[in-house]
There are 2 protein chains.
Amino acid sequence: MSKAKNSDFNDAIELMFFAYRDFIADPDVILEAHGFGRAHHRVLHFVAGNPGISIADLLDILRVTKQSLARVLRDLIDADYIEQRIGAHDRRKRLLHLTAKGSALHSKLIAPQEKRFNQVLGAIGPQAFEQWKKTMRLVINSEDRENVDKLIERSRDARTETAN
Amino acid sequence: MSKAKNSDFNDAIELMFFAYRDFIADPDVILEAHGFGRAHHRVLHFVAGNPGISIADLLDILRVTKQSLARVLRDLIDADYIEQRIGAHDRRKRLLHLTAKGSALHSKLIAPQEKRFNQVLGAIGPQAFEQWKKTMRLVINSEDRENVDKLIERSRDARTETAN
DNA sequence: AATTTATGTCAACAACACTGACCCTTTTTG
DNA sequence: CAAAAAGGGTCAGTGTTGTTGACATAAATT
């Protein structure tokens with residue numbers, strides 16, 4: 001009776017597709033106005049959440065090759081959205097930080113996404129929203145969940161530190 | 001006290017990114033073995049859920065240009081995964097159907113995604129799973145929600161009809 | 001001193017999206 | 001019935017974002 005039907009999972013699959021499609025389309029208009037694409041957005045986002053991150057660690061999060069990262073990172077550095085600082089302990093490392101300009105763009109990019117989730121929260125309430133987050137966490141590969149936990153925590157710290 | 005903090009939404013944004021990334025990576029191995037990519041997967045998936053769909057309607061769901069669709073659709077037709085039938089009422093239309101071969105591949109592709117959600121369901125229970133679906137539905141643009149409802153229902157019908 | 005690590009860069013290539021133009025067939029409209 | 005519109009196919013060119021492979025440099029480690 002309470003057995004799971006396959007069609008339940010098909011619902012879930014469709015919902016993942018359409019929800020992600022609308023969610024990711026939000027910032028596209030802003031990006032295009034700046035001559036950037038989604039790849040630039042991803043870099044901007046994870047540098048924002050992990051100030052001082054190294055190239056190697058960023059590659060690990062994005063799961064792309066360094067040649068692929070290099071192209072968009074060069075765009076962002078040349079246009080003064082991201083700056084590199086040579087590591088204090090290890091002078092081989094290039095630690096990435098948003099500039100004021102980069103931080104401003106990042107805020108603009110996440111604004112529509114925050115608005116979207118704010119409306120969801122308003123519709124379902126804080127408890128259901130927390131439950132949704134727990135569920136989404138379980139959709140992530142189990143071996144990556146703790147890493148994502150750390151990323152989210154670090155990102156939270158980065159926000160409070162800059163009094164954002 | 002219970003005011004929404006922006007960091008709550010940042011959590012949600014990160015979770016969307018990582019959950020979708022792992023979710024969509026599931027079928028990649030199978031696709032590569034067949035010489036197909038994610039674009040082929042999307043076409044296969046929506047033809048499976050909407051048997052007899054026209055080119056125009058499929059373009060509407062995928063939100064790509066017909067030139068972009070044509071390339072992958074040609075691959076799938078040439079390799080006998082999808083067949084076109086001339087519309088009975090309107091002979092201009094080319095109605096798309098999966099062949100037996102296409103249906104088999106589609107089943108293989110969704111299997112790991114169904115498994116993923118089955119594990120989520122097992123962890124949180126059917127009630128929380130239903131709540132998650134309602135929440136995901138609210139992440140979709142409000143003007144598209146009813147269309148997605150219809151798509152999901154049609155997809156459910158397509159499954160029961162073929163006794164899948 | 002030799003090796004490893006972190007990063008950068010050049011070159012070629014592939015998937016997948018786009019625009020613009022043009023074609024054919026079939027249906028609808030005036 | 002002729003003209004226009006709708007559905008679909010195709011050619012040509014372009015851009016973004018990913019890939020491999022090879023090689024270079026500076027700094028750290030062994």
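In this text, all values refer to a predicted model and were calculated from it rather than measured experimentally. Basis for what follows: all heavy atoms, side chains included, without hydrogens, waters or symmetry-related copies.
- If you measure from atom CZ of A:Arg92 to atom P of C:dG8, you get 13 Å, rounded to the nearest angstrom.
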Point to revise | Worked verdict on A:Leu58 versus A:Leu69 for side-chain contact (heavy atoms from CB on, under 4.5 Å) | key: CA-CA 9 Å; A:Leu58 185 53; A:Leu69 171 60; 4.2 Å; yes
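- Protein chain A touches strand DNA chain D; the 5'-most and 3'-most nucleotides with an atom under 4.0 angstrom of its non-hydrogen atoms are D:dT17 to D:dA28.
- A:Phe129 and B:Phe9 have perpendicular rings, their planes meeting at more than 60° on a 0 to 90° scale where under 30° would count as parallel.
- Side-chain contact check for A:Arg137 versus B:Leu15: some heavy-atom pair is nearer than 4.5 Å.
- Counting non-hydrogen atoms under 4.0 angstrom, B:Glu32 reaches nothing in the nucleic acid.
- More than 12 heavy atoms of other residues, nucleotides or ligands shown are found within 6.0 angstrom of CD on A:Glu143.
- Residues A:Arg116 and B:Leu138 fail the side-chain proximity criterion, which asks for heavy atoms closer than 4.5 Å.
- Distance CG (B:Leu76) to P (C:dA15): 14 Å, rounded to an integer number of Å.
- A heavy atom closer than 4.0 Å to some atom of DNA chain D occurs in B:Ser54, B:Ile55, B:Ala56, these being the qualifying members of residues 43-59 of chain B.
- Two residues, A:Asp90 and A:Val64, neighbour DNA chain D, and the one matched to the more 5' nucleotide by heavy-atom proximity is A:Val64.
- Remark: C1' of C:dA14 and CD of A:Gln67 are 15 Å apart, rounded to the nearest angstrom.
- Whole-Å rounding puts the A:Leu96 CG to C:dT7 C1' distance at 11 Å.
- One interatomic measurement links the two molecules: CG of A:Asp78 to C1' of C:dG8, which rounds to 13 Å at whole-angstrom precision.
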**Study point:** Steps toward salt bridge (Lys or Arg N to Asp or Glu O under 4.0 Å) verdict (A:Glu153, A:Lys150)
**Key:** CA-CA 5 Å; A:Glu153 203 174 331; A:Lys150 286 179 199 164; over 6 Å; no
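- Side-chain polar atoms of A:His34 and A:Tyr81 form a donor-acceptor pair below 3.5 angstrom.
- For the pair A:Gly35 and A:Arg94, both in contact range of DNA chain D, the more 5′-proximal nearest nucleotide belongs to A:Gly35.
- Summarising the geometry, the separation between CZ on A:Arg71 and P on C:dA11 is reported as 14 Å, rounded to the nearest angstrom.
- The nearest whole Å value for the distance from the NE2 atom in B:His89 to the C1' atom in C:dT28 is 17 Å.
- Looking at B:Asn10 and A:Phe117, their side chains never come closer than 4.5 Å, going by heavy atoms from C-beta outward.
- The base of C:dT26 has none of its N or O atoms less than 3.5 Å from a complementary donor or acceptor on the side chain of B:Arg91.
- Rounded to an integer number of Å, the gap from B:Arg74 CZ to C:dA15 C1' is 18 Å.
- Relative ring orientation between A:His45 and A:His41 is described as perpendicular, the plane-to-plane angle rising above 60° on a 0-90° scale split at 30° and 60°.
- Mapping B:Ser68 and A:Lys93 onto DNA chain C by nearest heavy atom places A:Lys93 closer to the 5' end of the strand.
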